[in-house]
Amino acid sequence: MSINEQVYGAKSTWLDTQYQYTTITPKAKKANFGGEGALLMTGVATGKLSYTEPIDKSIGYCGLGTESALSHLTYIGMKNGEPSIISTQDRFVTNFCWCEKTLNNPPTMFGYNYQYDNITLHAWGDYATTFNYNKVVEPLTVVCPQNQILLIWLQAYNADFSQVWEGGLKDYESTYHTTYPNITCVYLRTFFGNKEQNISMIEYTAQGMKIPWQLSILDNYVCEDLNLDFYDYAEPLNVIFGVFNNTNLMYKYSYFAIVATTENAVEHIKIQDVSTSNYRIYIEYYDDFAEDVRKTVACFGLYFTDDLATAQNGTLTLSDMYIGLLDDNGIGHGEYLKGTETANAPQNDWDDMTASGYDYTKEVDKTKYKNDTEFYDSGLANGFTRFWVLDSSGVDALLSELYNIMAQDDPDESIERYNMKVFLTQNPIDAVISLKKFPLDDVPTTGVGPYRVQIGSKNTNILAYPLAASCGIYTFSFSSSDDTNLYPHYHKDFRDYEPYTKAELYVPFCGTYEIPCTYLYDYGGLVLKLVIDFVSGACTGYILVHGICIGSVSGNCAISLPLSGIQNATLDSQIHSAAIRDTQRVNSLAAGIAAGAVSIAAGLLTGGAAALAGVAGAALSIGTAAVKSSTEQAAINYEISHMQTPLKMVSTASGQIAHTYDMRAKLTVTRPKISNDYDAVVYGDTIGFACLIDGIVSDFHGFTSGVINVDGINATAEEKEMIRSAFASGVYLPNEE
Amino acid sequence: MAFTIRLGTNNDNVLTVGKTFTTELSPTGGISISPTSKINLLKPVFVISYDAAYVNCNYVIASFLGRQYYCIPDVEIGKQIILNCTVDYLSSFDLSGCPITVLRNGGIGAPTKIQDNKFPIIPNEETIDQIPIANSHLTANGSGCYVLQVIGGAASVD
């Protein structure tokens, strides 16, 4: 799309930018609104711009896709007295342009005089008596791809924020990210020159400050919750990842901050209360950070590097030099070329970036965005039950504990201290819900431990790690060496597709899923995600092609193991019952003996036949008591020795057949065989190959059948019908000359 | 008014478009014929003087009718040859510019992605390929881990 010259001035009048060599060609240019030139406030003064309207987006030479951090904005504000993420703004495409900004107005390039400013001063408004940075911004109309290099630079702090580091992304990624994991902002420095014209790259500095191009977003910032709706064309420090604030601090009085990150980095945004007047907002380093930043910069479609020496050198094919690629619509999606491959970028043949053909009014093909299937981390509701991950030695310990006869207390003492808690302690088997074996070595655990497992209220010697999530997601990736065709085209025709060729994916434990053959050839990115439920053992395999789920199959991968254990409480009560009865027996015997002895003594003392009879009776009574005691003891002994140990079984065994089969996911492809008598020449000459091609008769030769339109030839109706009929059956067209 | 025809033989497949003589038998300028009272445009009959050279002809080009014909000669030896003609509709007109949707074609040389149910695929015979992917997650029977679910209170770190 051409730049609107009604707004930005005729192309021939565009002004040279200040920060480039005078000898360089072609030259970067900025708008000419008339009057004093390129200032936005000049545009207002000359009637080309209006304070109440955003500036014309035709000045943007490309769009920033969703891969750019500038297309994902996080708004931070105050909620219930605490700073938190209020909302996010996602755009399919973000419009931008580069600008210059003169030094003298404002007096400092990066200063922020808050006494004269409030939120609204960042808005595109007329504040004649107060200060508005937007006024002095000068938008660039021409950017020449080979005359500048963007250098990715960042600022990061150590863990306690006592030390700060600044440097290039390359050094940060390789050396410093561990020591300085708290990233406050990532911005761009601009080097001008042209190595191919033997003009060395310089970074323009004045008054000791680096003067980059200003990054101006042409789409407004909107956050209804924070009552924000404004345009800001003067982002300081060219922040392209991180907080839109040159000090990474959110002033408590202003109560909002805007953070640009890629979508996956939002969870790494941290907010820290640092003083009575400030919150610090930063991004915690994560594994994909460096690549996310490169993708963000690549969306600009310009040469860039993450290494200072490379920027200063300026040779466009150095190993650490990159160039962002734009799609056919002029939108950057984070793709880039690196090193010597940059010579293949189409921008090398462009005089300037307007050759991208970007048209901001064109409807965005939203089907190309956000097509990834998302999987979420599952929580674990420990609640009333707990999950432990054991190895085989842990299982042995478990079985020992379940068969451990606990020491028996004195029955009287047990009764004295009887309470519910004691009762619950006695049967560990009652506290076991299930034991399942999984065909995995990497079940998610908290990593803390090992713990001694408590079953019920009984502490055990079982060592285990707590399970961290109720589900685990395991990825199996099919990929070919060139990441194009997963399976070779054997025939490169209909025989490679259904119903002649069939493809099935075997998912362990779940069965098979028929894969449409087109995904074998045209995508190359087949991924199986096996989601396993550690609570039930159920598993589901999700089949994804380039991030899109095309189907799923389910099964069960756990082996449920039956457990049995001693019901200690029952055993305890049986033994105690026997002990009590024995005690009673002893007491009864003693009492009987004592009573008889008393009688005997009394009888002997009394004397006489009656007394002697009483003595005999007493002796008999003693003897009877003794016999009875002996009989009872024998019964108790018999009972104890023949006591059946009370056992309880938990769960039942489940099948293990699936565990004996191949644990690898497999793609099985069946394809047809062709008759050995097939001759392509003869077949083509007599039957012809099935096709569906439109054209005119002279486009074809050899045996041809089809539907012909004979309107326009000077023939009778009968002849036309005969021609149509002949072509439908098949005719022979002259061979190509 | 005299008309002329050209006479010859054509060995091409009858269904060939844009035919011409394989061998032309008539002299330059053609053969004069006498007009009959009626000429059927699609099945004309021409009478020519007998010439042994024309006895085996099978193809006629009648420019004055704007058409080409297959012919079956009735020969009266020594007297005349009666040419019973049938229009060759595939060659009488310039069809080269006519729009066409081609459903089968030999000139493309090979099958396309359009299904061809006439193609000589042997039924019930197939080749099977299997592509396993490396398994870095699942373990064979005999190893693996166990998940124990219990009712229990807090445990202590060992």
Side-chain angles (χ1 to χ4, degrees), chain A residues 385-388 390 395 431 433-437 439 441 443 450-452 454-455 463 474 476 478 493-494 534 659 663-673 675 678 684-685 688-694 696-698 701-709 713 719 722-723 731-734, chain B residues 13 15-18 41-42 87 89-90 93-116 118 120-122 125-135 137-141 143-158:
Chain A
T385 64
R386 289 181 183 271
F387 296 87
W388 301 96
L390 280 66
V395 173
I433 306 296
S434 68
L435 177 67
K436 288 183 166 58
K437 183 184 178 189
D441 284 332
V443 173
Y451 285 82
R452 290 190 177 277
Q454 189 171 15
I455 302 178
L463 298 179
Y474 302 88
F476 302 78
F478 290 87
D493 56 48
F494 69 95
F534 299 115
H659 284 247
M663 295 282 184
R664 298 172 297 172
K666 291 195 291 282
L667 187 66
T668 304
V669 182
T670 56
R671 47 191 176 84
K673 285 188 177 179
S675 168
Y678 167 69
D685 206 35
F689 302 101
C691 57
L692 185 66
I693 308 173
D694 292 329
I696 57 175
V697 171
S698 60
H701 65 276
F703 178 84
T704 303
S705 76
V707 181
I708 187 172
N709 182 346
I713 66 169
E719 287 169 319
M722 287 190 288
I723 292 170
V731 298
Y732 290 89
L733 298 177
Chain B
N13 188 307
L15 296 174
T16 300
V17 172
L41 194 61
L42 303 184
V87 68
Y89 44 83
L90 291 178
F93 313 98
D94 182 8
L95 304 177
S96 62
C98 292
I100 184 171
T101 296
V102 174
L103 303 177
R104 300 194 79 89
N105 183 255
I108 55 180
T112 66
K113 288 189 177 179
I114 302 295
Q115 277 195 31
D116 187 351
K118 297 181 180 179
I121 292 174
I122 303 174
E125 283 194 24
E126 296 172 327
T127 300
I128 298 179
D129 293 323
Q130 196 167 75
I131 307 170
I133 61 169
N135 173 24
H137 300 297
L138 302 175
T139 61
N141 209 12
S143 55
C145 64
Y146 302 81
V147 174
L148 173 67
Q149 183 182 9
V150 298
I151 300 171
S156 59
V157 177
D158 184 43

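Numbers restart at 1 for each chain; the letters A, B, ... are given by sequence-line order, proteins then strands.
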(request) Could you give me the CA-CA distance, side-chain angles and deciding distance for B:Phe93 and A:Ile723, then say whether side chain to side chain contact (heavy atoms under 4.5 Å, CB included) is met? (result) CA-CA 10 Å; B:Phe93 313 98; A:Ile723 292 170; 4.0 Å; yes
(message) Quick check on B:Leu42 against chain A: is it the side chain, the backbone, both or neither that has a heavy atom closer than 4.5 Å?
(response) side chain
(message) Could you check whether any side-chain heavy atom of B:Cys145 comes within less than 4.5 Å of a side-chain heavy atom of A:Leu390, counting everything from C-beta outward?
(response) no
(request) Under 4.5 Å heavy-atom distance to chain A, tell me which part of B:Val102 shows up: side chain, backbone, both or neither. (result) both
(request) Determine whether A:Thr704 and B:Arg104 make a side-chain contact, defined as any pair of heavy atoms from C-beta on separated by less than 4.5 Å. (result) no
(message) Rounded at 0.5 Å granularity, tell me how far OH in A:Tyr474 sits from CG in B:Leu138.
(response) 8.5 Å
(request) Compare every heavy atom of B:Ile100 with every heavy atom of A:Val697, then report the nearest pair and how far apart it is. (result) N-CG2, 3.9 Å
(request) Please look at B:Asn13 and chain A and tell me whether the side chain, the backbone, both or neither of the residue comes under 4.5 angstrom of a heavy atom of that chain. (result) side chain
(request) Flag the pair B:Ile108 / A:Ile693 as yes when at least one side-chain heavy-atom distance between them is below 4.5 Å, and no otherwise. (result) yes
(message) Go through it in stages, so that I can follow the logic: the residues are B:Ile114 and A:Phe494, the test is side chain to side chain contact (heavy atoms under 4.5 Å, CB included), and I'd like the CA-CA distance, side-chain angles, deciding distance and then a yes or no.
(response) CA-CA 6 Å; B:Ile114 302 295; A:Phe494 69 95; over 6 Å; no
(message) Rounded to the nearest 0.5 Å, what separates atom NZ in A:Lys673 from atom OG1 in B:Thr127?
(response) 5.0 Å
(request) Output the option from A:Pro672, A:Gly684, A:Ser675 having the highest count of non-hydrogen pairs under 4.5 Å with chain B. (result) A:Ser675
(message) Under a 4.5 Å cutoff for heavy-atom pairs, which residue among B:Pro111, B:Gly106, B:Gly109 has the most contacts with chain A?
(response) B:Pro111
(request) Nearest 0.5 Å please: distance from the CD1 atom of B:Ile151 over to the CZ atom of A:Arg386. (result) 12.0 Å
(message) Under 4.5 Å from any heavy atom of chain B, what part of A:Val669 do you find: side chain, backbone, both or neither?
(response) both
(request) Go through A:Gly706, A:Cys691, A:Ser698 and name the one with the most non-hydrogen pairs under 4.5 angstrom from chain B. (result) A:Cys691
(request) Check whether any side-chain heavy atom of A:Trp388 sits under 4.5 Å from a side-chain heavy atom of B:Val150, and report yes or no. (result) yes
(request) Kindly indicate whether the side chain of A:Met663, heavy atoms from C-beta on, has any atom under 4.5 Å from the side chain of B:Thr139. (result) no
(message) As an exercise: rank B:Glu126, B:Gln149, B:Gln130 by heavy-atom pairs under 4.5 Å with chain A and give me the winner.
(response) B:Gln149
(message) With a 3.5 Å distance limit and no angle check, can you tell me whether B:Thr112 reaches the backbone of A:Ala690 through a side-chain donor-acceptor pair?
(response) yes
(request) Go through B:Asp94, B:Val87, B:Ile121, B:Leu41 and name the one with the most non-hydrogen pairs under 4.5 angstrom from chain A. (result) B:Ile121
(message) Keeping B:Asn105 on the side-chain end and A:Phe703 on the backbone end, is there a donor-acceptor pair under 3.5 Å?
(response) yes
(request) Looking only at non-hydrogen atoms, find the nearest pair between A:Val731 and B:Leu15 and report the distance. (result) CB-O, 3.2 Å
(message) Between B:Gly18, B:Gly107, B:Cys98, B:Gly97, who has the most heavy-atom pairs with chain A when the cutoff is under 4.5 Å?
(response) B:Cys98
(message) Looking at every heavy atom in both B:Tyr146 and A:Leu435, which two are closest together, and how far apart are they?
(response) CB-CD1, 3.9 Å
(request) Indicate yes or no: at least one non-hydrogen side-chain atom of A:Lys666 is less than 4.5 angstrom from one of B:Ile131. (result) no
(request) For the residue pair A:Thr668 and B:Ile128, establish whether any side-chain heavy-atom pair is separated by less than 4.5 Å. (result) yes
(message) How long is the straight-line distance from CE of A:Met722 back to OH of B:Tyr89, given to the nearest 0.5 Å?
(response) 6.0 Å
